[in-house]
S.K.: 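Next up is a structure, given as structure tokens.
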Number of protein chains: 2
Amino acid sequence: MQNRGVPHTTTSPAQRVPGRDRPAVRPALDRGRGLLGPALALIHSGRAPTRSVLTSELAVTRATAGAIAAELEALGLVAVDPRPSGSGRGRPSHRLAVAPGGPVVLAAQLHADGFSVALAGLGGTLGEPVDRPLPRTADPEEVLRAVAEAGARLVAASPRRCLGAALAVPTPVTDSGGRALAAMYLDWPSGTPVRDLFAAAVAGALPGLPTAVANDANLAALAEHRHGAGCGARHLLYVTSGHRGVGGALVVDGRLHTGSDGLALEVGQLTVDPGGRPCPCGRRGCLDVEADPPALLAAAGVTPGPAEPLLEAARAVVRAASHDPVARAAVDRVVECLGAGLAGMVNILNPDRIVLGGIHLDLLAAAPERLPAVVAERCLWGRSAGVPVLPAALERPDLTGAAELAWQPFLDDPQSTAAG
Amino acid sequence: MQNRGVPHTTTSPAQRVPGRDRPAVRPALDRGRGLLGPALALIHSGRAPTRSVLTSELAVTRATAGAIAAELEALGLVAVDPRPSGSGRGRPSHRLAVAPGGPVVLAAQLHADGFSVALAGLGGTLGEPVDRPLPRTADPEEVLRAVAEAGARLVAASPRRCLGAALAVPTPVTDSGGRALAAMYLDWPSGTPVRDLFAAAVAGALPGLPTAVANDANLAALAEHRHGAGCGARHLLYVTSGHRGVGGALVVDGRLHTGSDGLALEVGQLTVDPGGRPCPCGRRGCLDVEADPPALLAAAGVTPGPAEPLLEAARAVVRAASHDPVARAAVDRVVECLGAGLAGMVNILNPDRIVLGGIHLDLLAAAPERLPAVVAERCLWGRSAGVPVLPAALERPDLTGAAELAWQPFLDDPQSTAAG
DNA sequence: TGCATTTGTGCCGCTACTCAACAAAATACC
DNA sequence: GGTATTTTGTTGAGTAGCGGCACAAATGCA
């Protein structure tokens with residue numbers, strides 16, 4: 001690209017040469033970057049295993065695809081393997097893959113039971129995650145410092161260059177201020193500036209690293225879209241429940257739909273059973289209290305131990321449903337509620353695929369026919385739509401999603417990986 | 001642009017010259033078209049009144065903006081007026097406006113009481129609309145032929161070149177097949193291929209004209225976003241009810257969010273009052289039966305005359321609310337239901353603006369404090385979100401929206417206006 | 001052993017921009 | 001009223017990114 005020299009050289013009016021003139025606005029730096037980003041995204045998510053597929057996916061000439069692949073290889077991000085790629089007539093195409101020793105990002109996650117960190121390269125593969133309990137304090141600053149330090153140890157132990165860090169948190173995060181609105185499991189006050197606090201913590205442990213923070217369900221959706229059950233979907237609705245309440249996320253054309261301030265897909269307030277259980281919001285039968293692990297436990301009459309994770313206790317109920325009629329009835333009831341909630345979302349969002357995580361994944365496995373049927377029945381154009389409902393496919397969707405978030409700037413502009 | 005010659009010259013293998021070679025895929029034709037489209041869109045929606053604003057909105061250099069403006073002027077789409085544009089220091093910028101004698105499109109609309117057609121230039125201004133009752137037959141082919149013929153008369157009477165035609169229909173339309181799913185007011189069977197039928201009708205009356213068909217609420221939302229109360233919103237939620245049922249639409253970053261098959265924003269099935277009126281869907285208290293004109297009439301105990309449009313009758317109830325306690329109570333009740341429905345959408349979509357049309361516009365005028373308050377109360381992050389709720393600003397939003405739809409291909413690629 | 005088919009590559013050209021310098025048109029200040 | 005300052009329009013040179021083309025390479029099939 002053109003040499004733009006040093007930006008923002010504060011030329012005071014006095015010392016300014018008369019004939020000298022600067023553009024009214026700094027032209028958008030991200031224009032003309034062209035197809036490098038889309039190409040890397042295709043290889044990253046495994047949708048371009050060969051150069052010829054890349055050519056057709058990008059809708060460019062073979063010459064252009066070759067130049068792009070060569071540049072990504074020069075950046076150390078992609079490995080081009082000229083060995084034949086197997087069957088078919090004609091000359092076999094070169095294989096494209098993520099460069100094995102390429103840069104990594106630091107993915108981190110806060111959840112009800114602790115925190116996790118892992119390194120992640122391109123391609124959606126995680127390194128061995130480190131899981132730790134939360135420090136006894138609830139002070140966000142201290143928690144995030146512990147996360148950053150655990151991450152820094154991972155980074156120091158790896159020979160690969162680290163380009164960024166991102167954190168998944170179990171609360172909505174505002175786009176504008178990066179504030180956590182309802183970090184219930186963490187006992188944080190509403191409005192905690194988690195984005196800034198994480199940035200500060202990482203700046204202490206790993207200076208210079210760009211950071212980002214987002215909601216865990218949103219990130220899991222992104223991960224499922226790129227590397228899991230949502231791969232290839234144009235409009236992916238992801239719904240999950242791992243502890244209390246129900247989280248949703250929507251991926252449209254490969255991008256998260258976070259709404260105007262990151263608060264979209266707060267689906268827990270959908271009414272799914274007008275005569276149902278009371279909800280903290282004041283009404284009855286909200287999805288939040290009818291389709292999460294506590295709802296399933298309550299319907300089955302099970303009281304979990306105080307130290308037992310709610311998700312594990314609820315999974316036990318689903319497993320018991322194969323022989324225990326009480327558990328079966330509980331599962332059936334929650335499946336009806338979940339289906340009604342999903343139908344409500346489908347009427348508004350019209351996704352072409354639904355992926356379920358958390359306890360919903362188990363419920364789908366226990367009612368693989370009934371759950372999609374409920375959705376279709378209660379959905380306005382059920383028969384014409386017929387949305388497929390799939391189980392999530394990733395082992396650690398939240399961590400993988402955090403990695404996606406950290407990778408995003410470099411997927412948008414692969415050249416910038418060279419800067420660090 | 002490059003000369004691509006005649007497309008699809010079916011070179012049979014036999015007659016193919018050995019050294020001759022065609023690209024694996026036809027490269028995307030719309031790449032490299034650059035900023036002409038965005039520039040025209042800015043001028044079209046009034047967001048670039050001068051060349052200097054265009055420069056900063058496009059984030060290009062003055063030279064580029066000048067070249068773009070000159071090209072749009074050469075295409076006969078934009079008028080550049082070099083006269084000064086008023087106040088401020090420095091040299092005044094040239095004014096940019098839609099060319100007065102430029103091309104037009106044909107906008108058409110089917111509604112409960114008839115059909116309308118109008119010509120529309122760039123800039124969102126409609127010519128005088130022609131309103132007609134529906135032919136006595138319910139045969140879609142015949143209805144659409146009448147529409148096309150009325151349109152053809154308008155086109156013939158105008159000296160301006162017509163580039164395309166689009167139709168707004170009061171039913172969801174599938175993206176894939178262009179089929180009407182629930183044209184209740186028109187007595188059309190579900191699945192009527194309205195896109196193809198309209199194309200055929202227009203081909204008969206105005207050969208060669210490109211056509212398009214979409215849902216009326218969606219198009220009204222698009223129109224409000226570009227020329228009305230939604231101008232400048234990033235995520236615009238539009239909700240309206242002109243006859244029976246409630247229609248919604250979402251505009252994200254200037255594009256309609258139609259979902260994977262055009263069926264998004266079917267918001268009528270949201271439960272807003274669990275103990276409310278029965279709905280054809282089998283449940284109670286759906287938005288469709290609680291916040292449309294018949295709901296308001298029923299709450300007020302009014303039975304409209306058989307020939308009276310439902311919207312007008314409902315408007316009379318809202319007007320009566322200032323002095324009639326029964327009407328006031330009816331309005332209050334429907335306002336609560338509408339607010340609950342809007343809150344449900346806000347929780348899922350997190351728009352930064354809501355615009356109301358149809359009877360909802362009157363309800364907002366009658367309860368300008370209460371309606372936004374209900375939304376905020378029932379919305380999960382009400383206080384932090386505080387979504388503004390505004391009345392629609394256009395006189396004929398559906399027709400204006402149909403014009404937007406017809407213009408869209410030319411806004412995306414202004415060069416193609418020269419082809420016709 | 002050819003031949004059709006598919007892919008990789010180098011070279012040329014075009015397009016849509018940026019950059020840089022200058023000219024023009026207004027306001028602000030003395 | 002004249003001059004400096006600010007903002008804008010204009011022109012010409014330069015360039016990144018991509019398409020078009022011709023040819024070479026690598027496979028399967030007859």
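None of these values were measured; they are calculated from a predicted model. Chain letters run A, B, ... following the sequence lines, proteins first, then strands; residues in each count from 1. Side-chain atoms are counted along with the backbone in the values below, which use heavy atoms only and exclude waters and symmetry mates.
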S.K.: Take atom CZ of R95(A) and atom C1' of dT7(C), then tell me their distance rounded to the nearest Å.
M.R.: 15 Å

S.K.: Which pairs, protein N/O on one side and nucleotides 11-13 of chain D N/O on the other, fall under 3.5 Å?
M.R.:
none

S.K.: Which of parallel (below 30°), tilted (30 to 60°) and perpendicular (above 60°) describes H44(B) and W407(B)?
M.R.: tilted

S.K.: Say whether S52(A) and T55(A), considering side chains only, have a donor N or O and an acceptor N or O under 3.5 Å apart.
M.R.: no

S.K.: Can S158(B) and R160(B) be counted as having a side-chain donor-acceptor contact under 3.5 angstrom?
M.R.: no

S.K.: Rounding to an integer number of Å, can you tell me how far R89(A) CZ sits from dC29(D) C1'?
M.R.: 6 Å

S.K.: Give a yes/no answer on whether the side chain of T61(B) brings an N or O atom under 4.0 Å of OP1 or OP2 in dT18(C).
M.R.: yes

S.K.: Can you list everything that forms a side-chain contact (heavy atoms from CB on, under 4.5 Å) with Q408(A)? Sequence neighbours excluded, please.
M.R.: R226(A), R255(A), L411(A), D412(A)

S.K.: Which nucleotide, dG8(C), dT8(D), dT27(C), lies nearest any side-chain atom of H94(A)?
M.R.: dG8(C)

S.K.: Of the nucleotides dT18(C), dT6(D), dC29(D), which has the atom closest to the T64(B) side chain?
M.R.: dT18(C)

S.K.: Please check if any side-chain donor atom of H225(B) sits under 3.5 Å from a side-chain acceptor atom of E404(B), or the reverse.
M.R.: no

S.K.: Not counting sequence neighbours, which residues clear side chain to side chain donor-acceptor pair (under 3.5 Å) with T258(B)? List them please.
M.R.: D175(B)

S.K.: Would you mind reading off the distance between L54(B) atom CG and dC17(C) atom P, rounded to a whole angstrom?
M.R.: 11 Å

S.K.: Check this for me: does the side-chain of R91(B) come within 3.5 Å of the base of dT8(D) through a donor and an acceptor?
M.R.: yes

S.K.: Between H257(B) and H235(B) (judged by ring centroids, cut-off 6.0 Å), do the two rings come close enough to count as a pair?
M.R.: no

S.K.: Measure from the side chain of R62(A), starting at C-beta and using heavy atoms only, and say which of dG8(C), dG9(D), dA28(C) lies closest.
M.R.: dG8(C)

S.K.: How close or far is atom C1' of dG19(D) from atom CG of L58(A), stated in whole angstroms?
M.R.: 14 Å

S.K.: Counting only side-chain heavy atoms from C-beta out, which of dT7(C), dG19(D), dT27(D) sits nearest to P92(A)?
M.R.: dT27(D)

S.K.: Need one value for S52(B): base, sugar-phosphate or nothing, where a base atom within 4.0 Å counts as base even if backbone is also close, heavy atoms only.
M.R.: sugar-phosphate

S.K.: So, does S93(A) get its side chain near the phosphate of dG8(C), meaning an N or O under 4.0 Å from OP1 or OP2?
M.R.: yes

S.K.: For E57(A) and dT7(C), give me the distance from atom CD to atom P, rounded to whole Å.
M.R.: 13 Å

S.K.: Could you check R51(A) against G90(A) and say which one's nearest nucleotide on DNA chain C is further toward the 5' end?
M.R.: G90(A)

